[in-house]
Amino acid sequence: MNNDGELTEIMEGSFLLPLRNIEELANEYGKGGKLLIETPLGFKGVGLELARYLSNKGFNVYLSGRNVWGACDFSMVSDYRLIIHLGHALPLNIFRIINNNLRVIGQKHNGDVISVEIGNNSHVVFAPVYYKPQPELLVRLRETAGGIVETNPGMLVAYASPYRLYASEIAGMFDLPIAQGPMTGCFIQFPISSPVLFVGSGYFYPLTFKLLRPRTTVYLLDVFRNMVEDVEHVYRRYLAMKVRMLDEFRNAKLVGIVISRKPGQLRQDLVNPLIKKMRELGKDFVIIELDEVSPDFINNLPVDAVINTACPRWVLMI
């Protein structure tokens, strides 16, 4: 690891991590107990490097092999003194759900890192992992995005947490305003303007703007595929799928209402209103508890339709 100021280069400079801030919180909360590091699948190498570093500092460190999909998805295992959750922002809506389910005693901001103390005397540290901007990619992205920026002056640059540094570079090279903070797939902490230039990869995040404000024009500047496109056609395809699901739901006789025990996804407050609605519609129902809502589980449930309360992105599935 090469420690350079607030952010530390890891994995041959591919990623940047606020290592110093993480280590300070580990010293404050993790001494004398077990630490668990968890990451999304794409950041397992980052988690491994951090585990090795902290182990060499005398900590008793474990690296989780499970995938985590967001800050809503951190582990709650009682024998870990500290959970270090890498790679995701902690949006306000998820913090509220965590507080409702676990009783947050306090939180602390240490640079880019947020630590949360919860009611069972445990701490969770939410720390970002940033892609380090590569000069050759930035040159290509400038050429790719130039035409869109020229026809949309003043467009807002938005990003998910891992792409913050790329977004800053893009905003700077075109003199564009940048969002005041990262977005997630279920929460945007700033006013949605139009048009938006999302700097990242894939459709999941830019579609959030369309789901919350359909008239917004959203361009995806894909960092790794070096392409820019209006996501309107993707949004219309997903909208058509949702309309079809709702139409098929009308014919469903047995409905599964799925809840999750993940600390940032458990929405017990939705269950009773859904039960009331199913009874009004004359549908049979069963409440199903899942740790992770995935096609492997959903496709094997003996029900006609599934209402998923665990994630606001996909509330109804057939």
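Predicted model, so just to flag it, every value in this text is computed and none were measured.
- The side-chain hydrogen bond (donor to acceptor under 3.5 Å, both in side chains) search around Gln107 returns none, not counting sequence neighbours.
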Inset, instruction - Check the pair Arg20, Glu23 against salt bridge (Lys or Arg N to Asp or Glu O under 4.0 Å), reporting the backbone distance first and the verdict last. - result: CA-CA 5 Å; Arg20 184 183 65 187; Glu23 186 176 358; over 6 Å; no
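- To the nearest 0.5 Å, atom CG of residue Leu86 and atom CG of residue Leu17 are 6.0 Å apart.
- Each side chain to side chain donor-acceptor pair (under 3.5 Å) pair with one or both residues in residues 149-177, not counting sequence neighbours, appears once here: Asp112-Arg164, Tyr130-Arg164.
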Inset, instruction - May I have the step-by-step check of ring pair (Phe, Tyr, Trp, His ring centres under 6.0 Å) for Tyr203 and Tyr238, ending in yes or no? - result: CA-CA 11 Å; Tyr203 297 115; Tyr238 278 92; 8.1 Å; no
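- Under the ring pair (Phe, Tyr, Trp, His ring centres under 6.0 Å) criterion, Tyr62 pairs with Tyr80, not counting sequence neighbours.
- Under the side chain to side chain donor-acceptor pair (under 3.5 Å) criterion, the residue pairs touching residues 268-285 are Arg267-Asp269, with sequence neighbours excluded.
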Inset, instruction - Might you work through the side chain to side chain contact (heavy atoms under 4.5 Å, CB included) test for Ile98 and Val104, ending with a clear yes or no? - result: CA-CA 7 Å; Ile98 293 170; Val104 173; 4.0 Å; yes
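- Here the CZ-CG distance, from Phe187 to Leu90, works out to 10.0 Å after rounding to the nearest 0.5 Å.
- To the nearest 0.5 angstrom, Ile83 atom CD1 is 7.0 Å from Ser122 atom OG.
- The CD1 atom of Ile188 sits 8.0 Å away from the OG1 atom of Thr216 when rounded to the nearest 0.5 Å.
- Every ring pair (Phe, Tyr, Trp, His ring centres under 6.0 Å) that His88 has, sequence neighbours left out, goes to His85.
- Other residues, nucleotides and ligands place more than 12 heavy atoms under 6.0 Å from the NZ atom of Lys31.
- For Glu229, there are no salt bridge (Lys or Arg N to Asp or Glu O under 4.0 Å) partners, not counting sequence neighbours.
- Here Asn93 contributes atom CG and Thr184 contributes atom OG1; the two are 6.0 Å apart, rounded to the nearest 0.5 Å.
- For residues 65-80, the pairs satisfying salt bridge (Lys or Arg N to Asp or Glu O under 4.0 Å) are Lys34-Asp79, Glu38-Arg66, Arg66-Asp73, Asp73-Lys262, with sequence neighbours left out.
- In this structure, CD1 in Ile84 is found 5.0 Å from CG in Leu35, a value given to the nearest 0.5 Å.
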Inset, instruction - Report the C-alpha separation of Asp230 and Thr217 in whole Å, then their side-chain angles, then the decisive distance to 0.1 Å, and conclude whether the side chain to side chain contact (heavy atoms under 4.5 Å, CB included) test is met. - result: CA-CA 7 Å; Asp230 188 335; Thr217 300; 4.0 Å; yes
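- Note on Lys108 versus Glu28: salt bridge recorded, some NZ/NE/NH1/NH2 to OD/OE distance being below 4.0 Å.
- Annotation: ring-ring contact (aromatic ring centres under 6.0 Å, His included) contacts involving residues 274-298, sequence neighbours excluded, are absent.
- When the salt bridge (Lys or Arg N to Asp or Glu O under 4.0 Å) test is applied to Arg225, the partners found at least two apart in sequence or on another chain are Asp222.
- Here Lys210 pairs with Glu232 under the salt bridge (Lys or Arg N to Asp or Glu O under 4.0 Å) rule; sequence neighbours left out.
- The ring-ring contact (aromatic ring centres under 6.0 Å, His included) analysis of residues 10-49, with sequence neighbours excluded, yields the pairs Phe15-Phe43, Phe15-Tyr131, Tyr29-His123, Phe43-Tyr131.
- Evaluation of the salt bridge (Lys or Arg N to Asp or Glu O under 4.0 Å) test over residues 130-147, restricted to residues two or more places apart or in two chains, returns Glu9-Lys132.
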